[in-house]
Amino acid sequence: MEFAELIKTPRVDGVILHRPFMPTVEGTLCLTGHHLILSSRQDNTEELWLLHSNIDCIEKRFLGSQGRIIVKCKDLRVIQLDIPGMEECLNIASSIEALSTLDILSLMYPFFYRPMFEVLEDGWNSFLPQNAFKDLETMTDEWRLSEVNKDFSVCASYPPLVAVPKGVDDDTLRKVATFRHGGRFPVLSYYHKKNGMVMMRAGQPLAGTNGRRCKEDEKLINATLRPGKRGYIIDTRAANVAQQAKARGGGFESEANYPQWRRISKAIERSNILQESLIKLVEALNDQSHNMDRWLSKLEASNWLTHVKEILTTACLAAQCIDREGASVLVHGTEGTDSTLQVTSLAQIILDPACRTIRGFQGLVEREWLQAGHPFHQRCAQSAFSNSKPRQEAPVFLLFLDCVWQIVRQFPCSFEFSDSFLVLVFEHAYASQFGTFLGNGTAERVKLSLPQKTVSLWSWVNRPQELQRLTNPLYEANSLVIWPSVAPQSLLLWEGVFLRWNRSSRCQDEAYEEMVHIIEYNKELQSKVNKLRRQLAQLETEDRLLQTP
Amino acid sequence: MEHIRLPKVEKVRLLDRVSPRRSRVGTLYLTATHTIFVENEAAVRSETWVLHSLVCSVEKQAATASGCSLLVRCKNFQVLHFVVPRERECHDVHLSLQRLSQPERCEELYCFSYKPNVDEEERRREWDFLDLKADYSRMGLPNSLWKLSPVNQHYKVSDTYPADLFVPQSATPPVIVGSSKFRSRGRFPTLSYYSKENHAAICRSSQPLSGFSARCLEDEQMLEAILRSNPRSDFMYVVDTRPKLNAIANRAAGKGYENEDNYSNIKFQFIGIENIHVMRNSQQKMLEVGYFCANAQMVYLFVCVCVCVCVHTQAVAEEGVSVLVHCSDGWDRTAQVCSVACVLLDPHYRTLRGFMKDWISFGHKFSHRCNHLVGDPKEMSPVIDQFLECAWQIMEQFPCAFEFNARFLITIHSHVYSCQYGNFIGNNQRERIALGLRERTHSLWSYLWKNKADYMNPLYRPDHRQTEGLLRPSTAPYCFKSWRGLYNRFDQGMHPRQSAEDYLSAIQEETQQLEDQLASHQRSPTAWALGSDMELANTPQDYAGGFVTSSPCQHKAPEGSLLLLTHDGNISNGSDQESGIADVSCLSPLSEDSARDPDSDEAAYSAA
């Protein structure tokens with residue numbers, strides 16, 4: 001298919017663009033296969049390059065012969081284009097609609113994008129499971145890397161290589177896979193070096209109404225327990241939801257069959273409710289009445305911060321079981337690809353200082369989200385402005401990032417990355433020139449040959465000039481476990497994402513620059529003093545040499 | 001002393017507010033000025049001190065098997081929940097505390113018995129630190145437009161106004177006196193702030209006694225004089241900060257608002273800030289809920305204050321138009337609006353020294369509003385809380401614009417209620433002089449100034465763009481935040497575990513040392529050769545102190561404020577060094593105690 005078929009009017013002159021916090025620009029609007037471009041062909045005015053895939057929805061309005069298109073983006077920005085001429089406006093609008101809803105992965109921009117920078121390190125190879133496993137091997141020999149899923153036949157959403165207990169063979173894994181939702185048998189998510197406890201994740205057990213059991217499943221997870229020790233199963237669903245799942249062939253681990261495990265139910269909402277929550281939150285933010293009561297009740301009704309609280313609490317709980325109780329943990333919800341990943345990845349942020357570095361965080365996103373089979377393509381197909389009936393869309397990953405931001409706010413010196421790094425990851429998860437977040441799992445990525453045909457986001461990020469921009473100047477490595485507060489008073493609205501287009505960040509940016517300046521000046525003086533000190537030491541030794549003949 | 005029925009109670013339990021299962025057992029002492037709880041079992045001696053004057057209410061609950069609960073709520077938002085073993089004892093403590101926390105006579109106030117180790121001459125100098133006249137001369141007054149009027153020298157015209165007042169040059173004593181007779185409590189229009197740059201002024205007064213049709217020639221002349229004192233402008237704003245309905249209701253009582261027809265060239269506006277009773281209930285609601293949400297309207301009311309302030313500061317700064325602000329009596333809403341306007345307009349008021357303005361001389365009724373003495377609870381209202389919060393909200397939007405930090409505002413807040421210093425006692429200047437506060441008490445401002453290192457904002461730079469000129473805060477509802485640092489000050493678990501601000505302050509301190517070293521090196525190279533500074537330079541800075549302490553106010557309790565704050569061994573020791581945080585109690589799942597008691601975790605998880 002040619003993009004040209006979808007583009008009825010490729011260019012319109014005299015279009016006026018309104019953007020938040022920027023002067024209006026008049027110029028020529030061009031539609032290409034992947035971009036909406038507005039250029040004034042003047043120096044010093046910023047052009048607009050908007051990926052069609054970033055467009056969440058558009059609205060058309062007509063004022064006489066003048067058309068107006070309001071473009072609402074997945075990154076929550078809203079821009080307005082005033083187009084002279086009714087027909088042009090209609091053509092542009094229908095083209096944008098067609099191009100932005102194109103659902104064929106192989107036509108996406110990452111397949112056409114050629115990097116304008118030198119790739120120092122190919123991000124596709126930076127975080128391979130085998131490398132992560134090598135790190136694990138330096139700490140323990142109780143685990144092995146299984147190739148049972150090398151052709152994705154055992155579990156479609158797992159990567160070809162997964163870490164499982166050493167004593168469990170591939171045949172057992174195949175049997176366990178038939179007992180777990182989506183074939184997601186329990187695999188290693190995190191190994192806590194301090195006490196050797198582990199966190200595993202899986203899909204729900206297919207116990208059904210008649211309480212089916214699977215000896216191999218029990219054997220597998222029991223293999224991770226120390227003699228005489230109990231473990232915790234954290235079910236990310238409310239108790240009644242887990243109970244109802246039995247009727248559809250799912251369910252949970254019964255106490256009788258898993259006597260060494262204690263089950264704890266935590267209620268993290270399902271994806272459709274999270275999507276509703278995001279839509280309500282953004283609606284509240286764009287409410288023009290500027291009425292305090294209205295804003296507060298709308299914010300409350302959106303329940304967004306309640307979801308943040310639930311997810312964080314569950315992650316803290318998992319982390320506490322591991323670090324404080326010295327117990328191993330198995331986390332699952334229904335499919336094991338959404339709330340499960342939120343919990344396992346956040347628990348690692350809390351427990352593992354390595355995940356709080358820029359590179360460590362990339363590794364975490366790779367391991368716990370991309371390779372773990374979070375269906376990014378489905379979840380991020382639409383964001384807060386979608387007015388079509390939600391299908392699979394949900395801000396699961398955005399909520400994870402929001403939770404990370406909450407922890408960063410509470411420990412501003414313990415993270416190597418700054419707020420802008422999290423915002424960057426959010427943007428690229430929804431629309432990107434890079435292939436990292438395309439597709440729904442490793443199987444799909446392999447099928448599309450993404451590593452060969454597209455550029456990884458990490459290739460771009462892991463270059464000195466980008467890293468410098470994303471580094472937190474306050475960072476000082478903190479090797480301890482960090483326990484965030486989950487009290488409602490401690491949870492804030494993530495300004496960097498939700499207020500980004502509502503209010504100017506100029507004063508906050510200035511404060512940030514000031515902070516950088518204070519720290520840099522300090523470093524400069526330190527190096528001056530050190531240099532002088534070295535000179536002095538040298539003079540002293542020379543002096544001594546002269547004195548001793 | 002005669003009010004203490006029971007000086008000491010043993011085996012009292014102090015419950016943790018966040019996780020009530022955690023409690024400490026100890027002995028409760030009542031002294032003339034403080035309630036002191038000393039923990040028995042703690043390895044490190046742990047004491048909790050609460051000043052009686054900070055106690056807002058004492059509530060005794062019905063006795064249960066475990067004892068009798070006593071709930072002590074403080075004006076600084078600390079809540080202490082004691083369980084006293086015997087009902088009789090609880091009753092005695094209850095009555096004693098109730099009496100001690102509500103002195104009947106001014107002489108009983110803590111400031112008259114507070115005697116830090118400062119000699120008399122030094123104490124007198126403390127009061128000279130703040131000079132009201134200096135602020136006027138900073139504004140360039142008196143000048144050809146404004147003069148100091150002796151009319152209220154003996155508080156004869158208005159007993160709630162200060163003695164020294166600035167009025168327009170053309171306002172003669174008969175005009176002033178005439179105008180004062182037409183205003184509630186004689187509070188005639190007088191100068192609050194004057195802009196040297198464009199001659200625009202902010203004046204304040206109380207409501208006119210206009211009723212349905214009354215008018216007063218002198219009052220009209222007075223406004224005319226104010227208008228003429230701003231040569232560049234041909235009109236002025238008159239801002240009534242009340243909701244229109246309230247102002248109309250006042251007309252029936254012979255009060256009301258200015259009729260535009262009677263005054264030449266005024267533009268009249270209502271702003272709609274609710275009265276002190278609405279404010280009091282609003283704060284009450286917010287404290288009940290614990291944080292701000294839809295039915296806690298406190299923040300909503302700040303928006304009003306801010307919006308109206310923004311509107312008319314803009315008038316002053318940009319259009320160069322003078323403004324007269326009033327409400328009913330002109331000492332609550334008017335005081336708030338004028339002071340917030342000053343903070344927005346003039347960078348001077350955003351410095352440590354400038355903020356220490358004399359907020360009281362125009363007769364904000366501190367004694368009544370803060371309930372220093374036993375009195376009408378309906379007179380109590382968080383007017384000053386709101387002003388401090390307005391300053392904080394603006395600070396959050398302009399992180400580089402203020403010389404001081406939030407800790408400064410919180411310390412002021414505590415001392416407004418503590419009665420430890422003489423600054424916030426009494427209802428107006430006349431009362432203060434009668435009480436001899438200058439002669440008998442200490443001044444907070446010089447204490448704050450001495451400890452200013454604790455109150456400096458590391459991001460402030462006098463030559464920064466944000467520091468200069470008018471601030472224009474956004475008043476969109478989502479720009480307002482909940483001030484956890486004040487309202488949840490004593491809920492230790494809720495605060496960020498690391499403070500970027502403290503970290504930056506430490507860095508700045510180190511930078512200062514490095515600069516000194518380099519400077520001394522440049523002066524005398526031999527100083528280095530002698531190695532005099534080497535020791536210092538090789539000692540790494542201790543940043544950990546700033547990290548572990550979660551609550552900024554308890555960061556470093558200097559002598560004066562020590563008595564005010566709960567100082568609890570746990571906080572500064574960092575009970576949980578191992579995890580890098582001070583206290584995980586707020587998180588509540590599995591803290592130390594649940595590790596001991598494995599059966600209870602489930603309850604804790606679901607509670608969290």
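In what follows, chains carry the letters A, B, and so on, assigned in the order in which the sequence lines appear, proteins first and then strands, with residues in each chain numbered from 1. Just so we're clear, the structure is a prediction, and the values are computed from it rather than from any experiment.
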Worksheet item: What part of A/Ser414 gets closer than 4.5 Å to chain B, counting heavy atoms only: side chain, backbone, both or neither?
Response: both
Worksheet item: Do A/Glu510 and B/Pro399 come within less than 4.5 Å of each other through their side chains, counting heavy atoms only?
Response: no
Worksheet item: Are A/Cys507 and B/Arg465 close enough that some pair of their side-chain heavy atoms sits under 4.5 Å apart?
Response: yes
Discussion item. Quick check for you: to the nearest 0.5 Å, what is the distance between B/Cys400 atom SG and A/Gln508 atom CD?
Written reply: 8.5 Å
Item to complete: Please check if atom CD in A/Glu255 has more than 12 non-hydrogen atoms from other residues, nucleotides or ligands closer than 6.0 Å.
Response: no
Discussion item. Does any part of the side chain of B/Gln498, heavy atoms only, come nearer than 4.5 Å to the side chain of A/Asn478, both counted from C-beta?
Written reply: yes
Worksheet item: Got a second to check how far B/Leu514's CG is from A/Lys523's NZ, nearest 0.5 Å?
Response: 13.0 Å
Worksheet item: For A/His307, which residues count as a side chain to side chain donor-acceptor pair (under 3.5 Å) partner, sequence neighbours excluded?
Response: none
Worksheet, complete the sentence: The interface call for A/Glu495 against chain B, heavy-atom contacts under 4.5 Å, is side chain
Discussion item. Measuring from atom CD of B/Glu501 to atom CE of A/Met515, what distance do you get when rounded to the nearest 0.5 angstrom?
Written reply: 12.0 Å
Discussion item. With a 4.5 angstrom heavy-atom cut-off, is it the side chain or the backbone of A/Asn502 that approaches chain B, or both, or neither?
Written reply: both
Worksheet item: Which heavy-atom pair separates B/Arg497 from A/Trp483 by the least distance, and what is that distance?
Response: NH1-O, 3.4 Å
Item to complete: Determine the minimum heavy-atom distance between A/Ile518 and B/Leu504, stating which atoms define it.
Response: CG2-CD2, 4.2 Å
Item to complete: Side chain from CB out, backbone as N, CA, C, O: work out which of these in B/Gln512 comes under 4.5 Å of a heavy atom of chain A, or both, or neither.
Response: neither
Item to complete: Pick one of side chain, backbone, both or neither for A/Leu474, based on which atoms fall under 4.5 Å of a heavy atom in chain B.
Response: both
Practice prompt. To the nearest 0.5 Å, tell me how far A/Leu525 CG sits from B/Asp516 CG.
Written response: 10.5 Å
Worksheet item: Under a 4.5 Å cut-off applied to non-hydrogen side-chain atoms, are A/Ser490 and B/Arg484 in contact?
Response: yes
Worksheet item: Out of A/Leu493, A/Leu285, A/Leu492, which one racks up the most heavy-atom pairs below 4.5 Å with chain B?
Response: A/Leu285
Worksheet item: How long is the span from the CG atom in A/Leu296 to the CZ atom in B/Phe480, to the nearest 0.5 Å?
Response: 11.0 Å
Response to the item:
CD (B/Glu515) and CG (A/Asn522) are apart, to the nearest 0.5 Å, by 9.5 Å
Fill in: A/Leu539 portion near chain B, given a 4.5 angstrom heavy-atom threshold
neither
Discussion item. Taking the side chain as everything from C-beta on, heavy atoms only, tell me whether A/Lys528 gets closer than 4.5 Å to B/Leu518.
Written reply: yes
Practice prompt. Check step by step if side chain to side chain donor-acceptor pair (under 3.5 Å) holds for B/Tyr487 and A/Gln489.
Written response: CA-CA 10 Å; B/Tyr487 300 112; A/Gln489 289 93 333; over 6 Å; no
